[in-house]
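As the structure lists them, so they are numbered: ligands from 1, and atoms in each ligand from 1.
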Amino acid sequence: MTAVISSTGLWTPKDSVSNDELVEAFNTYVDKWNTDNAAEIEAGTKDALTHSNAAFIEKASGIKSRFVISKAPMLDPEIMAPRIPARSNEEPSILAEMAVSAAKQALERVGRKPEDVGAVIVACSNLQRGYPAVAVEVQDLLGTSGFAFDMNVACSSATFGIETARGLIAGGQAKSVLVVNPEICTAHLNLKDRDAHFIFGDVATAILVEDISVAPTEHWEIIGAKLVTQFSNNIRNNFGFLNHTAPEDDGMHGDRGKRGLTDKLFVQNGRSVFKEVVPMVANLIKGQSTKYGIDPNDLKRMWLHQANLNMNVLIAKKVLGKDVEIEQAPVVLDEYANTSSAGSIIAFHKYSDDFKNGETGLICSFGAGYSAGAIFVRRVA
Ligand SMILES: CC(=O)SCCNC(=O)CCNC(=O)[C@H](O)C(C)(C)COP(=O)(O)OP(=O)(O)OC[C@H]1O[C@@H](n2cnc3c(N)ncnc32)[C@H](O)[C@@H]1OP(=O)(O)O
(Lines give C-alpha, C1' and ligand atoms only; values in the text may rest on other atoms or scores of the structure.)
Protein backbone atom coordinates (compact mmCIF):
# COMPACT_ATOMS: atom_id res chain seq x y z
CA MET A 1 0.00 0.00 0.00
CA THR A 2 1.63 3.28 -1.12
CA ALA A 3 0.27 6.71 -0.29
CA VAL A 4 1.16 9.71 -2.44
CA ILE A 5 0.45 13.43 -2.50
CA SER A 6 -1.95 14.05 -5.40
CA SER A 7 -2.62 17.76 -5.06
CA THR A 8 -2.49 20.88 -2.90
CA GLY A 9 -4.65 23.98 -2.50
CA LEU A 10 -4.12 27.49 -1.14
CA TRP A 11 -6.57 30.13 0.07
CA THR A 12 -5.16 33.60 0.78
CA PRO A 13 -7.12 36.46 2.45
CA LYS A 14 -7.53 39.51 0.19
CA ASP A 15 -6.04 42.05 2.61
CA SER A 16 -2.35 42.41 3.36
CA VAL A 17 -0.61 44.49 6.06
CA SER A 18 2.90 45.88 5.45
CA ASN A 19 5.51 46.24 8.20
CA ASP A 20 5.19 50.02 7.92
CA GLU A 21 1.42 49.90 8.50
CA LEU A 22 1.83 47.56 11.46
CA VAL A 23 4.60 49.60 13.05
CA GLU A 24 2.70 52.88 12.61
CA ALA A 25 -0.29 51.43 14.51
CA PHE A 26 1.98 49.93 17.19
CA ASN A 27 3.90 53.15 17.74
CA THR A 28 0.69 55.20 17.96
CA TYR A 29 -0.54 52.73 20.61
CA VAL A 30 2.78 53.03 22.49
CA ASP A 31 2.71 56.86 22.47
CA LYS A 32 -0.84 56.88 23.81
CA TRP A 33 -0.03 54.27 26.48
CA ASN A 34 3.01 56.25 27.60
CA THR A 35 0.95 59.46 27.79
CA ASP A 36 -1.85 57.73 29.71
CA ASN A 37 0.68 56.24 32.14
CA ALA A 38 3.02 59.26 32.34
CA ALA A 39 2.67 59.67 36.12
CA GLU A 40 3.53 56.03 36.90
CA ILE A 41 6.40 56.09 34.39
CA GLU A 42 7.70 59.28 36.03
CA ALA A 43 7.36 57.68 39.49
CA GLY A 44 9.22 54.59 38.30
CA THR A 45 6.35 52.19 39.01
CA LYS A 46 5.85 51.39 35.31
CA ASP A 47 8.30 51.08 32.44
CA ALA A 48 7.65 53.19 29.36
CA LEU A 49 6.88 51.17 26.23
CA THR A 50 9.33 51.37 23.31
CA HIS A 51 8.64 51.92 19.61
CA SER A 52 8.81 49.08 17.11
CA ASN A 53 10.77 49.39 13.88
CA ALA A 54 10.02 48.08 10.37
CA ALA A 55 13.72 47.77 9.45
CA PHE A 56 14.32 45.60 12.56
CA ILE A 57 11.40 43.35 11.67
CA GLU A 58 12.66 42.66 8.15
CA LYS A 59 16.26 42.14 9.27
CA ALA A 60 15.42 39.90 12.26
CA SER A 61 12.77 37.79 10.54
CA GLY A 62 12.67 38.32 6.76
CA ILE A 63 9.00 39.30 7.03
CA LYS A 64 7.81 42.22 4.87
CA SER A 65 4.02 41.81 5.02
CA ARG A 66 1.28 39.39 6.02
CA PHE A 67 -2.19 38.50 4.69
CA VAL A 68 -4.92 38.98 7.29
CA ILE A 69 -8.63 38.30 7.69
CA SER A 70 -9.46 41.45 9.68
CA LYS A 71 -7.17 44.32 8.73
CA ALA A 72 -8.70 47.57 10.04
CA PRO A 73 -9.12 46.58 13.73
CA MET A 74 -5.56 45.22 13.85
CA LEU A 75 -4.31 48.65 12.82
CA ASP A 76 -6.65 50.61 15.09
CA PRO A 77 -4.53 51.67 18.11
CA GLU A 78 -7.69 51.53 20.24
CA ILE A 79 -8.28 47.85 19.35
CA MET A 80 -5.00 46.21 18.24
CA ALA A 81 -6.64 42.86 17.47
CA PRO A 82 -8.63 41.26 14.65
CA ARG A 83 -12.40 41.55 15.05
CA ILE A 84 -14.16 38.49 13.67
CA PRO A 85 -17.92 38.60 14.37
CA ALA A 86 -19.37 35.51 16.04
CA ARG A 87 -21.60 33.48 13.71
CA SER A 88 -24.78 31.60 14.50
CA ASN A 89 -24.65 27.79 14.68
CA GLU A 90 -26.59 27.70 11.40
CA GLU A 91 -23.80 29.50 9.50
CA PRO A 92 -20.52 27.86 8.41
CA SER A 93 -17.79 28.64 10.91
CA ILE A 94 -14.95 30.78 9.57
CA LEU A 95 -12.28 28.10 10.05
CA ALA A 96 -14.40 25.58 8.13
CA GLU A 97 -15.08 28.12 5.39
CA MET A 98 -11.37 28.83 4.85
CA ALA A 99 -10.57 25.11 4.92
CA VAL A 100 -13.26 24.42 2.30
CA SER A 101 -11.85 27.10 -0.04
CA ALA A 102 -8.35 25.57 0.05
CA ALA A 103 -9.73 22.02 -0.13
CA LYS A 104 -11.90 22.75 -3.19
CA GLN A 105 -8.85 24.03 -5.05
CA ALA A 106 -6.88 20.88 -4.19
CA LEU A 107 -9.74 18.67 -5.38
CA GLU A 108 -10.43 20.65 -8.57
CA ARG A 109 -6.77 20.60 -9.63
CA VAL A 110 -6.97 16.81 -10.07
CA GLY A 111 -10.68 16.54 -10.93
CA ARG A 112 -11.47 14.70 -7.70
CA LYS A 113 -15.13 14.64 -6.60
CA PRO A 114 -15.77 15.37 -2.88
CA GLU A 115 -17.67 12.08 -2.46
CA ASP A 116 -14.49 10.21 -3.49
CA VAL A 117 -12.71 11.57 -0.42
CA GLY A 118 -13.00 9.12 2.50
CA ALA A 119 -11.53 11.22 5.32
CA VAL A 120 -10.89 14.86 6.24
CA ILE A 121 -8.30 15.93 8.79
CA VAL A 122 -8.29 19.55 9.94
CA ALA A 123 -4.72 19.94 11.17
CA CYS A 124 -3.85 23.39 12.53
CA SER A 125 -2.53 25.39 15.49
CA ASN A 126 -5.72 27.01 16.68
CA LEU A 127 -9.07 25.25 16.54
CA GLN A 128 -11.95 27.61 17.02
CA ARG A 129 -14.04 25.43 19.35
CA GLY A 130 -13.98 22.27 21.42
CA TYR A 131 -16.61 20.36 19.43
CA PRO A 132 -18.08 19.33 17.11
CA ALA A 133 -14.80 18.89 15.26
CA VAL A 134 -14.27 21.56 12.59
CA ALA A 135 -13.28 18.69 10.26
CA VAL A 136 -16.76 17.16 10.53
CA GLU A 137 -18.23 20.50 9.49
CA VAL A 138 -15.79 20.62 6.55
CA GLN A 139 -16.90 17.08 5.61
CA ASP A 140 -20.51 18.29 5.64
CA LEU A 141 -19.85 21.49 3.66
CA LEU A 142 -17.77 19.68 1.03
CA GLY A 143 -19.90 16.53 0.85
CA THR A 144 -17.06 14.07 1.45
CA SER A 145 -17.75 10.54 2.63
CA GLY A 146 -16.35 8.49 5.52
CA PHE A 147 -15.17 10.37 8.60
CA ALA A 148 -13.32 13.48 9.78
CA PHE A 149 -11.37 14.67 12.80
CA ASP A 150 -9.27 17.57 14.08
CA MET A 151 -5.67 17.45 15.24
CA ASN A 152 -3.22 20.03 16.55
CA VAL A 153 0.56 19.75 16.62
CA ALA A 154 1.04 23.54 16.30
CA CYS A 155 3.43 24.46 13.46
CA SER A 156 3.91 20.80 12.57
CA SER A 157 0.21 20.05 12.20
CA ALA A 158 0.37 19.74 8.39
CA THR A 159 3.31 17.32 8.24
CA PHE A 160 1.92 15.26 11.12
CA GLY A 161 -1.42 15.36 9.27
CA ILE A 162 0.16 14.03 6.05
CA GLU A 163 1.77 11.17 7.95
CA THR A 164 -1.51 10.46 9.77
CA ALA A 165 -3.28 10.36 6.40
CA ARG A 166 -0.66 7.90 5.17
CA GLY A 167 -1.39 5.70 8.18
CA LEU A 168 -5.15 5.83 7.53
CA ILE A 169 -4.56 4.78 3.93
CA ALA A 170 -2.20 1.97 4.99
CA GLY A 171 -4.83 0.77 7.50
CA GLY A 172 -7.51 0.66 4.81
CA GLN A 173 -9.68 3.38 6.40
CA ALA A 174 -9.76 5.52 3.25
CA LYS A 175 -8.15 5.73 -0.19
CA SER A 176 -8.35 9.50 -0.45
CA VAL A 177 -7.67 11.77 2.56
CA LEU A 178 -7.86 15.58 2.65
CA VAL A 179 -5.57 17.30 5.14
CA VAL A 180 -6.53 20.97 5.58
CA ASN A 181 -4.71 23.69 7.53
CA PRO A 182 -6.83 26.78 8.22
CA GLU A 183 -4.65 29.15 10.24
CA ILE A 184 -5.99 32.42 11.73
CA CYS A 185 -2.68 33.15 13.45
CA THR A 186 -3.44 36.87 13.91
CA ALA A 187 -6.10 35.89 16.46
CA HIS A 188 -3.57 34.27 18.82
CA LEU A 189 -1.10 37.10 18.33
CA ASN A 190 -0.63 39.86 20.91
CA LEU A 191 -0.37 42.92 18.70
CA LYS A 192 0.70 44.99 21.73
CA ASP A 193 3.84 42.83 22.22
CA ARG A 194 6.77 44.57 20.53
CA ASP A 195 8.79 41.33 20.33
CA ALA A 196 6.10 39.40 18.48
CA HIS A 197 3.54 41.78 16.94
CA PHE A 198 4.94 41.26 13.44
CA ILE A 199 5.24 37.48 13.39
CA PHE A 200 1.99 36.00 12.08
CA GLY A 201 -0.47 36.04 9.18
CA ASP A 202 -3.64 34.18 8.12
CA VAL A 203 -4.08 31.57 5.36
CA ALA A 204 -5.45 28.09 4.60
CA THR A 205 -3.76 25.23 2.76
CA ALA A 206 -4.92 21.75 1.73
CA ILE A 207 -3.12 18.54 0.79
CA LEU A 208 -4.77 15.57 -0.90
CA VAL A 209 -3.09 12.31 0.16
CA GLU A 210 -4.18 9.23 -1.78
CA ASP A 211 -3.61 5.55 -2.26
CA ILE A 212 -1.55 5.02 -5.44
CA SER A 213 -4.43 2.95 -6.88
CA VAL A 214 -6.68 6.04 -7.15
CA ALA A 215 -4.03 8.77 -7.52
CA PRO A 216 -3.50 10.72 -10.77
CA THR A 217 -0.57 9.63 -12.97
CA GLU A 218 1.31 12.78 -11.99
CA HIS A 219 1.82 12.85 -8.23
CA TRP A 220 4.37 13.02 -5.41
CA GLU A 221 5.57 9.68 -4.11
CA ILE A 222 6.23 9.86 -0.36
CA ILE A 223 9.67 8.31 -0.01
CA GLY A 224 9.50 8.39 3.77
CA ALA A 225 8.62 10.57 6.74
CA LYS A 226 9.87 11.19 10.26
CA LEU A 227 8.08 12.98 13.10
CA VAL A 228 9.78 14.16 16.31
CA THR A 229 8.72 16.09 19.42
CA GLN A 230 10.62 17.41 22.42
CA PHE A 231 8.86 19.31 25.22
CA SER A 232 9.65 23.02 25.55
CA ASN A 233 7.97 26.03 27.16
CA ASN A 234 9.76 28.43 24.83
CA ILE A 235 6.71 28.73 22.57
CA ARG A 236 3.52 28.60 24.59
CA ASN A 237 -0.12 29.67 24.56
CA ASN A 238 -2.13 28.91 27.72
CA PHE A 239 -5.52 29.57 26.14
CA GLY A 240 -7.86 26.68 26.85
CA PHE A 241 -11.14 25.47 28.27
CA LEU A 242 -9.89 25.54 31.86
CA ASN A 243 -9.05 29.28 31.74
CA HIS A 244 -12.33 30.42 33.29
CA THR A 245 -12.00 27.88 36.11
CA ALA A 246 -8.63 29.11 37.43
CA PRO A 247 -9.44 31.13 40.58
CA GLU A 248 -6.02 32.77 40.81
CA ASP A 249 -6.11 33.80 37.19
CA ASP A 250 -9.21 35.99 36.89
CA GLY A 251 -10.60 33.89 34.08
CA MET A 252 -9.33 34.86 30.65
CA HIS A 253 -7.56 37.98 31.84
CA GLY A 254 -4.53 36.30 33.37
CA ASP A 255 -1.45 38.45 33.20
CA ARG A 256 1.29 35.96 33.99
CA GLY A 257 3.07 35.82 30.66
CA LYS A 258 6.49 37.00 29.68
CA ARG A 259 6.97 40.67 30.65
CA GLY A 260 3.44 40.83 32.08
CA LEU A 261 1.81 40.12 28.74
CA THR A 262 -1.17 37.84 28.64
CA ASP A 263 -0.22 34.18 28.47
CA LYS A 264 -3.56 33.32 26.84
CA LEU A 265 -2.03 34.40 23.53
CA PHE A 266 1.21 33.40 21.78
CA VAL A 267 4.38 33.99 23.82
CA GLN A 268 7.88 32.87 22.95
CA ASN A 269 11.54 33.18 23.78
CA GLY A 270 12.49 33.73 20.15
CA ARG A 271 16.25 33.56 20.72
CA SER A 272 16.05 30.21 22.56
CA VAL A 273 13.72 28.80 19.91
CA PHE A 274 16.21 29.78 17.24
CA LYS A 275 19.15 28.21 19.10
CA GLU A 276 17.42 24.96 20.04
CA VAL A 277 15.30 24.24 16.98
CA VAL A 278 18.01 24.78 14.32
CA PRO A 279 20.16 21.76 15.41
CA MET A 280 17.07 19.64 16.08
CA VAL A 281 15.81 20.14 12.52
CA ALA A 282 19.22 19.92 10.83
CA ASN A 283 19.88 16.58 12.57
CA LEU A 284 16.43 15.31 11.63
CA ILE A 285 16.96 16.11 7.95
CA LYS A 286 20.51 14.72 7.86
CA GLY A 287 19.54 11.53 9.70
CA GLN A 288 16.60 10.78 7.44
CA SER A 289 18.53 11.62 4.26
CA THR A 290 21.15 9.05 5.26
CA LYS A 291 18.43 6.50 5.97
CA TYR A 292 16.89 6.96 2.51
CA GLY A 293 20.30 7.04 0.78
CA ILE A 294 19.71 10.61 -0.41
CA ASP A 295 22.52 13.20 -0.45
CA PRO A 296 20.77 16.38 0.80
CA ASN A 297 22.61 18.27 -1.97
CA ASP A 298 20.63 16.18 -4.46
CA LEU A 299 17.32 17.44 -3.06
CA LYS A 300 16.06 19.83 -5.71
CA ARG A 301 14.16 21.78 -3.09
CA MET A 302 13.49 22.01 0.65
CA TRP A 303 10.09 23.52 1.44
CA LEU A 304 10.90 24.59 4.99
CA HIS A 305 8.65 25.92 7.75
CA GLN A 306 8.28 29.66 7.34
CA ALA A 307 8.97 31.32 10.70
CA ASN A 308 12.28 33.11 10.26
CA LEU A 309 14.45 33.56 7.16
CA ASN A 310 17.75 33.54 9.08
CA MET A 311 16.72 30.29 10.75
CA ASN A 312 15.98 28.62 7.39
CA VAL A 313 19.28 29.81 5.91
CA LEU A 314 21.17 28.35 8.88
CA ILE A 315 19.31 25.02 8.82
CA ALA A 316 19.96 24.69 5.08
CA LYS A 317 23.66 25.51 5.58
CA LYS A 318 24.00 22.87 8.31
CA VAL A 319 22.29 20.29 6.10
CA LEU A 320 24.03 21.11 2.81
CA GLY A 321 27.43 22.12 4.21
CA LYS A 322 27.31 25.34 2.15
CA ASP A 323 25.19 28.44 1.58
CA VAL A 324 21.79 27.64 0.14
CA GLU A 325 20.51 29.03 -3.17
CA ILE A 326 17.14 30.73 -2.75
CA GLU A 327 15.58 28.38 -5.39
CA GLN A 328 16.58 25.42 -3.24
CA ALA A 329 14.79 26.73 -0.10
CA PRO A 330 12.10 29.12 -1.34
CA VAL A 331 10.78 31.88 0.89
CA VAL A 332 7.11 32.78 1.30
CA LEU A 333 7.33 34.34 4.75
CA ASP A 334 8.36 37.67 3.21
CA GLU A 335 4.81 37.98 1.86
CA TYR A 336 2.82 35.68 4.20
CA ALA A 337 4.80 35.99 7.50
CA ASN A 338 4.58 32.95 9.79
CA THR A 339 1.39 31.02 9.03
CA SER A 340 2.22 28.16 11.39
CA SER A 341 1.45 24.72 9.92
CA ALA A 342 0.58 26.16 6.49
CA GLY A 343 3.99 27.75 5.81
CA SER A 344 5.87 24.81 4.31
CA ILE A 345 2.75 23.80 2.37
CA ILE A 346 2.40 27.27 0.80
CA ALA A 347 6.05 27.00 -0.27
CA PHE A 348 5.43 23.50 -1.71
CA HIS A 349 2.24 24.64 -3.46
CA LYS A 350 3.85 27.70 -5.07
CA TYR A 351 7.29 26.31 -5.87
CA SER A 352 6.93 22.77 -7.19
CA ASP A 353 5.60 23.01 -10.77
CA ASP A 354 9.10 22.81 -12.29
CA PHE A 355 9.84 19.33 -10.89
CA LYS A 356 10.63 16.62 -13.45
CA ASN A 357 10.07 12.88 -13.07
CA GLY A 358 12.35 11.39 -10.42
CA GLU A 359 13.43 14.67 -8.79
CA THR A 360 13.31 14.71 -4.99
CA GLY A 361 12.37 17.31 -2.39
CA LEU A 362 11.61 17.73 1.30
CA ILE A 363 8.65 19.28 3.11
CA CYS A 364 9.80 20.14 6.63
CA SER A 365 7.94 21.78 9.50
CA PHE A 366 9.16 22.85 12.95
CA GLY A 367 7.83 24.87 15.84
CA ALA A 368 5.94 24.76 19.11
CA GLY A 369 6.11 21.58 21.15
CA TYR A 370 8.86 21.50 20.02
CA SER A 371 7.64 19.51 17.05
CA ALA A 372 9.20 18.77 13.68
CA GLY A 373 8.13 16.72 10.69
CA ALA A 374 10.11 15.77 7.57
CA ILE A 375 8.34 14.37 4.50
CA PHE A 376 10.65 13.30 1.67
CA VAL A 377 8.94 13.27 -1.74
CA ARG A 378 9.79 12.21 -5.30
CA ARG A 379 8.01 13.61 -8.36
CA VAL A 380 6.31 11.06 -10.58
CA ALA A 381 5.32 12.62 -13.92
C1 LIG B 1 3.87 28.77 15.03
C2 LIG B 1 5.37 28.98 15.09
O3 LIG B 1 6.07 28.98 14.13
S4 LIG B 1 5.93 29.40 16.56
C5 LIG B 1 7.16 30.50 16.26
C6 LIG B 1 8.43 29.80 16.26
N7 LIG B 1 9.34 30.79 16.56
C8 LIG B 1 10.41 30.92 15.89
O9 LIG B 1 10.73 30.18 15.00
C10 LIG B 1 11.20 32.10 16.36
C11 LIG B 1 12.62 32.03 15.99
N12 LIG B 1 13.23 33.28 16.41
C13 LIG B 1 13.01 34.43 15.76
O14 LIG B 1 12.32 34.47 14.76
C15 LIG B 1 13.72 35.66 16.28
O16 LIG B 1 14.30 35.32 17.53
C17 LIG B 1 12.81 36.88 16.43
C18 LIG B 1 12.44 37.40 15.05
C19 LIG B 1 11.54 36.52 17.19
C20 LIG B 1 13.53 37.99 17.19
O21 LIG B 1 14.76 38.25 16.59
P22 LIG B 1 16.09 38.39 17.49
O23 LIG B 1 17.19 38.86 16.62
O24 LIG B 1 16.23 37.09 18.22
O25 LIG B 1 15.69 39.58 18.41
P26 LIG B 1 15.71 39.71 20.00
O27 LIG B 1 14.35 39.34 20.52
O28 LIG B 1 16.89 39.04 20.60
O29 LIG B 1 15.89 41.26 20.11
C30 LIG B 1 17.06 41.93 19.63
C31 LIG B 1 16.91 43.41 19.91
O32 LIG B 1 15.86 43.94 19.11
C33 LIG B 1 14.90 44.61 19.94
N34 LIG B 1 13.57 44.42 19.39
C35 LIG B 1 12.71 43.40 19.61
N36 LIG B 1 11.55 43.61 18.95
C37 LIG B 1 11.71 44.77 18.29
C38 LIG B 1 10.87 45.52 17.42
N39 LIG B 1 9.63 45.10 17.10
N40 LIG B 1 11.34 46.66 16.89
C41 LIG B 1 12.59 47.11 17.21
N42 LIG B 1 13.43 46.44 18.01
C43 LIG B 1 13.00 45.29 18.55
C44 LIG B 1 15.05 43.98 21.30
O45 LIG B 1 14.63 44.86 22.30
C46 LIG B 1 16.55 43.70 21.36
O47 LIG B 1 17.20 44.89 21.73
P48 LIG B 1 18.51 44.82 22.68
O49 LIG B 1 19.53 44.05 21.89
O50 LIG B 1 18.83 46.25 22.87
O51 LIG B 1 18.07 44.09 23.92
Check: In terms of atom number and element, which parts of ligand 1 are under 4.0 angstrom from non-hydrogen atoms of I235?
Finding: 4 (S), 6 (C)
Notebook entry, point to check: Looking at D202, N338, N19, T339, which hits side-chain hydrogen bond (donor to acceptor under 3.5 Å, both in side chains) with R66?
Noted result: N19
Notebook entry, point to check: Quick check: are there more than 12 heavy atoms from other residues, nucleotides or ligands sitting under 6.0 Å from NZ of K317?
Noted result: no
Check: With a 4.0 Å cut-off on heavy atoms, does F200 reach ligand 1?
Finding: yes
Checklist line | Interfacing atoms of ligand 1 (cut-off 4.0 Å, heavy-atom, M311) | finding: 9 (O), 11 (C)
Margin query: For R379 and E359: C-alpha separation, side-chain torsions, deciding distance, then whether salt bridge (charged side-chain N to carboxylate O under 4.0 Å, His left out) applies.
Written below: CA-CA 6 Å; R379 184 67 180 158; E359 288 180 330; over 6 Å; no
Notebook entry, point to check: Does atom 7 (N) of ligand 1 have any protein heavy atom closer than 4.0 Å?
Noted result: yes
Checklist line | K318, NZ atom: more than 12 neighbouring heavy atoms under 6.0 Å | finding: no
Check: Can you list the ligand 1 atoms lying under 4.0 Å from a non-hydrogen atom of S52?
Finding: 38 (C), 39 (N), 40 (N)
Next item on the list: Using only heavy-atom distances, determine whether the side chains of S341 and E183 contain a donor-acceptor pair under 3.5 Å.
Entry: yes
Note to self: Among all the protein's heavy atoms, is there at least one whose distance to atom 19 (C) of ligand 1 comes out below 4.0 Å?
What the structure shows: yes
Item checked: Top protein contact for atom 42 (N) of ligand 1, by heavy-atom distance -> R194 NH2, 3.1 Å
Next item on the list: Give a yes or no on whether atom 27 (O) of ligand 1 lies under 4.0 Å from any heavy atom of the protein.
Entry: no
Notebook entry, point to check: Does CD belonging to E325 count more than 12 external heavy atoms closer than 6.0 Å?
Noted result: no
Next item on the list: Say whether S52 and H197, considering side chains only, have a donor N or O and an acceptor N or O under 3.5 Å apart.
Entry: yes
Check: What do you think, any protein heavy atom under 4.0 angstrom from atom 49 (O) of ligand 1?
Finding: no
Note to self: Please list the nearest protein heavy atom to atom 1 (C) of ligand 1 with its residue and the distance rounded to 0.1 Å.
What the structure shows: C155 SG, 2.4 Å
Note to self: Pairs of nitrogen or oxygen atoms closer than 3.5 Å, one from G270 and one from ligand 1: do any exist?
What the structure shows: yes
Notebook entry, point to check: ligand 1 and N53, any nitrogen or oxygen pair closer than 3.5 angstrom?
Noted result: yes
Checklist line | Atoms in ligand 1 with a heavy atom of D195 nearer than 4.0 Å | finding: 35 (C), 36 (N)
Check: Do V153 and V277 share a hydrophobic cluster (ILVMFWY, side-chain heavy atoms under 4.5 Å, transitive)?
Finding: no
Item checked: Any N/O pair S125/ligand 1 closer than 3.5 Å -> no
Check: Is there at least one protein heavy-atom neighbour under 4.0 Å from atom 39 (N) of ligand 1?
Finding: yes
Notebook entry, point to check: What are the two closest heavy atoms between A135 and D150, and how far apart are they?
Noted result: N-OD1, 2.8 Å
Next item on the list: Using a strict 4.0 Å cut-off to heavy atoms of Q268, name the atoms of ligand 1 that fall inside it.
Entry: 5 (C), 6 (C), 7 (N), 8 (C), 10 (C), 19 (C)
Margin query: Considering non-hydrogen atoms of the protein only, which is the closest contact for atom 32 (O) of ligand 1, and what is the distance?
Written below: F56 CE1, 3.0 Å
Notebook entry, point to check: Using a heavy-atom cut-off of under 4.0 Å, does the side chain or the backbone of A307 touch ligand 1, or both, or neither?
Noted result: side chain
Next item on the list: Do me a favour and list the nearest non-hydrogen protein atom to atom 21 (O) of ligand 1 with residue, atom name and distance?
Entry: A60 CB, 3.7 Å
Next item on the list: Mark whether atom 3 (O) of ligand 1 lies under 4.0 angstrom from at least one protein heavy atom.
Entry: yes
Next item on the list: Identify, for atom 23 (O) of ligand 1, the protein heavy atom at the shortest distance, and state residue, atom and that distance.
Entry: R271 NH2, 3.2 Å
Check: With only distance considered, is S61 within less than 3.5 Å of ligand 1 through an N or O on each side?
Finding: no
Item checked: Parallel, tilted or perpendicular: rings of F266 and H188 (30°, 60°) -> tilted
Note to self: Does E24 have more than 12 heavy atoms from other residues, nucleotides or ligands lying within 6.0 Å of its CD?
What the structure shows: no
Checklist line | side-chain hydrogen bond (donor to acceptor under 3.5 Å, both in side chains) partner of T8, chosen from R109, K350, Q105 | finding: R109
Next item on the list: Check salt bridge (Lys or Arg N to Asp or Glu O under 4.0 Å) between K226 and all other residues, then give those that pass, not counting sequence neighbours.
Entry: none
Check: Any N/O of H51 closer than 3.5 Å to an N/O of ligand 1?
Finding: no
Check: For atom 17 (C) of ligand 1, what's the nearest protein heavy atom and its distance?
Finding: N308 ND2, 4.3 Å
Check: For residues Q306 and Y336, is any side-chain donor paired with an opposing acceptor at under 3.5 Å?
Finding: no
